[in-house]
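For reference, the structure is listed below as structure tokens.
Reminder, nothing fancy here: chain letters follow the sequence lines and each chain counts from 1.
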Amino acid sequence: MWNPPNPRTYNATVWLIVKQIPAGCVSTYGQIASMIPVPDGSDPDQYHRLGARWVGSAMRAVRDPEVPWQRVINSQGKISLPAGSSGARQQRQRLEAEGIEFDEKERVDLKQYGWDGPDDDWLDAHDLMPPKPF
DNA sequence: CGTTTGACTACGC
DNA sequence: CGCGTAGCCAAAC
């Protein structure tokens with residue numbers, strides 16, 4: 001429920017995608033989740049909603065400095081780390097350093113800064129693996 | 001070795 | 001617009 005059945009593989013896939021987000025852009029947990037194939041037989045919508053949290057746990061587990069974890073925010077355009085935490089401040093600072101602006105409600109305009117996902121040729125070249133079925 | 005603990009989201013009120 | 005809810009787990013205590 002909170003974690004994918006096989007975190008090692010799923011996290012690696014998430015990190016691979018997140019690395020594609022260009023500086024100055026953001027994506028959401030749900031968007032990242034929806035880029036990853038689902039196992040045969042599962043309902044994509046339900047699975048991707050679960051996946052959003054899995055993407056969150058993958059971000060928590062990032063250790064590779066090349067993964068721009070700060071560019072992943074929630075569907076409301078807000079930072080999901082606890083408000084006021086050092087992590088949240090660092091995320092906001094990093095995003096602002098890339099030219100991203102926050103409104104008075106601490107939100108990023110997804111229409112303006114949202115990333116549309118990797119190119120088709122990138123997807124073809126990488127052939128992402130669906131998570132192991134439950 | 002049993003408990004605890006999580007970077008989410010769509011939907012109905 | 002804000003709040004509560006349900007959704008095929010596993011690593012760290």
Side-chain angles (χ1 to χ4, degrees):
Chain A
M1 190 190 267
W2 286 86
N3 299 307
N6 52 346
R8 306 294 293 274
T9 304
Y10 192 86
N11 287 353
T13 305
V14 170
W15 297 332
L16 192 62
I17 294 173
V18 171
K19 279 188 180 179
Q20 305 307 308
I21 306 175
C25 293
V26 294
S27 189
T28 70
Y29 300 97
Q31 284 176 357
I32 301 294
S34 66
M35 294 172 199
I36 299 175
V38 302
D40 292 329
S42 17
D43 173 45
D45 291 327
Q46 180 185 37
Y47 210 91
H48 285 148
R49 260 195 330 183
L50 290 170
R53 295 206 306 199
W54 303 345
V55 172
S57 55
M59 291 303 96
R60 192 179 29 166
V62 167
R63 269 163 251 172
D64 179 357
E66 290 185 21
V67 178
W69 54 270
Q70 71 271 20
R71 297 177 194 149
V72 184
I73 60 181
N74 65 34
S75 63
Q76 308 169 72
K78 296 175 27 179
I79 285 173
S80 276
L81 287 165
S85 66
S86 60
R89 287 197 304 271
Q90 182 181 57
Q91 185 169 13
R92 175 165 178 154
Q93 181 179 22
R94 286 187 183 211
L95 290 175
E96 289 179 326
E98 298 180 356
I100 290 174
E101 297 178 0
F102 288 75
D103 68 16
E104 65 286 350
K105 292 172 184 167
E106 306 276 284
R107 288 178 314 193
V108 171
D109 184 355
L110 292 173
K111 298 283 187 195
Q112 183 177 178
Y113 298 105
W115 177 54
D116 291 325
D119 300 326
D120 290 336
D121 55 342
W122 185 89
L123 285 173
D124 291 340
H126 289 273
D127 188 32
L128 303 180
M129 289 270 296
K132 176 180 168 186
F134 288 102

Notebook entry, point to check: How many angstroms lie between atom SG of A/Cys25 and atom CD of A/Gln112, to the nearest 0.5 angstrom?
Noted result: 10.0 Å

Notebook entry, point to check: Taking atom CH2 of A/Trp115 and atom CD of A/Gln31, what is their separation to the nearest 0.5 Å?
Noted result: 9.0 Å

Expressed as a whole number of angstroms, how long is the span from [X]:[atom1] to [N]:[atom2]?
| X | N | atom1 | atom2 | value |
| --- | --- | --- | --- | --- |
| A/Leu50 | C/dA10 | CG | C1' | 15 Å |
| A/Asp43 | C/dA6 | CG | P | 18 Å |
| A/Asn11 | C/dC9 | CG | C1' | 12 Å |
| A/Gln46 | C/dT5 | CD | C1' | 14 Å |
| A/Asn3 | B/dG6 | CG | P | 12 Å |
| A/Arg107 | C/dC1 | CZ | P | 8 Å |
| A/Met35 | B/dC8 | CE | P | 17 Å |

Mind listing the N/O atom pairs, protein and nucleotides 9-13 of chain B, below 3.5 Å?
from	atom 1	to	atom 2	distance (Å)
B/dT9	OP1	A/Gly30	N	3.1
B/dT9	OP1	A/Ser75	N	3.3
B/dT9	OP2	A/Ser75	N	2.9

Margin query: What's A/Pro4 touching, base or sugar-phosphate or nothing? Going by heavy atoms closer than 4.0 Å.
Written below: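 Sugar-phosphate, no base atom in range.
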
Check: Heavy atoms under 4.0 Å, any strand shown: does A/Trp54 hit a base, just sugar-phosphate, or nothing?
Finding: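 The residue A/Trp54 makes no contact with any strand.
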
Next item on the list: Would you please indicate yes or no on a ring centroid separation below 6.0 angstrom for A/Trp54 and A/Tyr47?
Entry: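 Between A/Trp54 and A/Tyr47, which both carry aromatic rings, the centre distance is below 6.0 Å.
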
Item checked: Flag side-chain contact, heavy atom, 4.5 Å: A/Val26 against A/Ile21 -> no

Note to self: For A/Ala88, give me all partners under side-chain contact (heavy atoms from CB on, under 4.5 Å), at least two apart in sequence or on another chain.
What the structure shows: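 Partners of A/Ala88 under the side-chain contact (heavy atoms from CB on, under 4.5 Å) test: A/Ile79, A/Leu81, A/Ser85.
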
Item checked: Residue from A/Arg92, A/Glu98, A/Gln93, A/Glu96 passing side-chain contact (heavy atoms from CB on, under 4.5 Å) with A/Gln70 -> A/Glu98

